[in-house]
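Step one of this worksheet: look at the structure below.
Ligands are counted one by one from 1 in listed order, and the atoms in each one are counted from 1 as well.
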Amino acid sequence: MSKNDVFLPKDFPELKNDTFLRAARGEEPEHVPVWCMRQAGRYLPEFREIRAKKGFFDTCRSPEDCCELTLQPLRRFPFDASIIFSDILVIPQAMGMDVQMLTGKGPTFTDPLKEPEDLQRLKANVDVNKELDYVFKAITLTRHKIEGKVPLIGFTGAPWTLMSYMIEGGGSTTYSKAKRWLYRHPESSHMLLKMLTDVIVEYLLGQVAAGAQALQVFESHAGILGPVEFKEFSLPYLRDIARRVKDRLKEKGQDVPMIVFAKDAHYALEELSESHYEVVGLDWTIDPRSARERTGGKVSLQGNMDPCALYAPKELISDIVKKMLEGFGTRGYIANLGHGLYPDMDPENVAAFVDAVHQHSKLTVKKA
Ligand SMILES: Cc1c2[nH]c(c1CCC(=O)O)Cc1[nH]c(c(CCC(=O)O)c1C)Cc1[nH]c(c(CCC(=O)O)c1C)Cc1[nH]c(c(C)c1CCC(=O)O)C2
């Protein structure tokens with residue numbers, strides 16, 4: 001392959017391990033597939049080494065760095081899927097907002113949205129192919145370099161989660177500035193959520209065109225909404241995204257599984273299982289058996305070990321995984337954590353988690 005061909009989304013190596021894709025479609029592969037949210041992250045010394053060289057968003061804008069960071073965890077662990085290294089906040093940036101990643105503080109917006117008039121500051125028509133071209137390049141390059149080992153997942157933040165960052169200006173415990181908009185400016189809130197949805201749909205389609213083989217939508221801030229607000233300000237947009245992406249892919253004869261991860265939205269599990277996603281991702285506050293009952297075989301499930309269980313000794317991790325697998329069963333199930341890995345986690349315990357999923361599930365599938 002010549003130097004420039006690595007950015008052409010064609011002639012990708014053949015996929016060797018499709019356990020993740022089969023489980024996403026409701027099948028029972030020979031073992032339960034497993035990956036971890038934030039599997040590329042600061043818990044790996046080789047990640048910290050690359051990240052020390054430039055700022056966080058400069059790293060996101062380098063396809064070569066994103067590719068390397070995506071591949072790093074696959075060299076250490078037999079994960080069954082990879083997720084492209086990037087960030088959800090590249091969308092507000094593409095819409096014209098300035099966001100920095102400050103050490104010790106996390107994402108910080110220079111000039112957050114304060115009042116509805118501020119919506120005029122956002123770009124009306126975002127040229128996604130131009131503004132987010134660097135993400136598409138990273139995906140294409142990674143699809144080539146991953147050599148068909150495992151599928152590559154693309155992702156986006158969901159409209160409400162992005163809106164909450166754009167108004168709050170960064171992380172918060174209450175997100176009261178963003179929630180104030182929902183109660184005080186419902187029309188402008190819907191206008192912003194709609195603008196975000198339009199960009200997200202194009203962004204996800206661009207990721208598939210670039211080579212993404214599955215898509216995850218992160219509604220990380222679902223838990224700060226209650227059931228009523230979730231139904232008004234989150235769910236309709238999550239549905240719209242899945243519907244529009246699927247319709248447009250269908251026109252081209254394509255179909256990629258989509259995962260919705262609405263953190264702490266246990267109150268909406270039934271609705272989420274009927275929102276056109278093949279997979280519903282779960283945080284650790286939901287019991288596996290009750291999740292199966294409430295979603296009634298309509299979707300595959302992904303999750304949901306408490307990330308902090310990785311602080312346990314390896315034997316205990318294995319017991320916890322065994323119980324989790326008994327709860328979810330081995331059909332239509334993708335093992336993961338209930339949220340991302342933390343920087344102080346021991347890579348050896350991540351290995352123990354992955355091994356436990358493979359070992360326990362191989363025995364169950366064989367028996368059945
Ligand atoms: C809310 C959110 C963000 N980003 C993301 C979410 C949704 C998932 C979730 O709920 O955690 C999504 C995300 N961010 C990152 C990925 C890469 C893929 C992967 O999961 O390996 C993904 C999928 C890289 C990253 N994004 C970030 C890191 C760590 C910071 C670094 O590398 O310097 C990584 C690996 C930074 C980030 N970016 C964001 C936060 C809150 C932080 C943490 C800030 C901090 O801890 O200081 C916004």
Side-chain angles (χ1 to χ4, degrees), residues 34-62 65-77 79 81-93 97 99-109 135 138-139 142 146 150 152-166 168-173 175 178 200 203-204 207 212 214-224 259-265 281-284 302-304 307 336-345 347 350:
V34 54
W35 66 283
C36 288
M37 289 188 272
R38 289 276 163 94
Q39 62 191 32
R42 284 172 292 187
Y43 74 107
L44 294 177
E46 60 269 34
F47 176 96
R48 297 196 295 270
E49 201 180 301
I50 302 274
R51 278 282 297 105
K53 292 182 187 154
K54 44 180 101 131
F56 179 78
F57 287 109
D58 288 333
T59 309
C60 290
R61 284 190 195 99
S62 155
D65 285 345
C66 293
C67 174
E68 169 59 20
L69 293 176
T70 305
L71 296 180
Q72 280 180 349
L74 300 180
R75 292 188 194 118
R76 278 192 186 242
F77 315 108
F79 283 129
S82 60
I83 182 161
I84 190 67
F85 175 84
S86 185
D87 200 81
I88 60 167
L89 299 175
V90 299
I91 288 190
Q93 289 176 333
M97 297 186 81
V99 192
Q100 309 290 333
M101 193 63 71
L102 304 183
T103 318
K105 203 169 167 229
T108 307
F109 286 66
V135 181
I139 289 175
T142 308
I146 215 168
V150 293
L152 179 62
I153 307 169
F155 70 89
T156 181
W160 158 245
T161 296
L162 294 177
M163 168 180 170
S164 63
Y165 272 118
M166 288 158 83
E168 208 71 38
S172 154
T173 41
Y175 285 92
I200 288 167
Y203 183 44
L204 291 177
Q207 294 189 43
L215 298 168
Q216 177 153 324
V217 179
F218 284 93
E219 188 69 293
S220 302
H221 297 168
I224 54 166
I259 308 165
V260 60
F261 175 66
K263 189 170 177 292
D264 296 319
L282 305 170
D283 62 80
W284 64 92
Q302 175 177 280
N304 73 343
N336 203 314
L337 304 173
H339 201 195
L341 284 156
Y342 303 142
D344 65 348
M345 280 169 169
V350 175

* Nearest 0.5 Å please: distance from the SG atom of Cys67 over to the CD1 atom of Ile139. => 11.5 Å

* Asked: What pairs with Gln216 under side-chain hydrogen bond (donor to acceptor under 3.5 Å, both in side chains), at least two apart in sequence or on another chain?
  -> Gln302

* Asked: Does the pair Asp65/Lys53 count as a salt bridge with the N-to-O cut at 4.0 Å?
  -> no

* Amino acids contacting ligand 1, non-hydrogen cut-off under 4.0 Å -> Met37, Arg38, Gln39, Ala40, Arg42, Phe47, Arg51, Phe56, Ile83, Ile84, Phe85, Ser86, Asp87, Ile88, Met101, Gly106, Pro107, Phe155, Tyr165, Phe218, Ser220, His339

* Asn336 side chain to Gly303 main-chain N or O, any donor-acceptor pair under 3.5 Å? -> no

* To do: Identify whether the distance between the nearest side-chain nitrogen and carboxylate oxygen of Glu46 and Arg76 falls below 4.0 Å.
  => yes

* Which value, rounded to the nearest 0.5 Å, describes the distance between Ser172 atom OG and Ile224 atom CD1? -> 7.0 Å

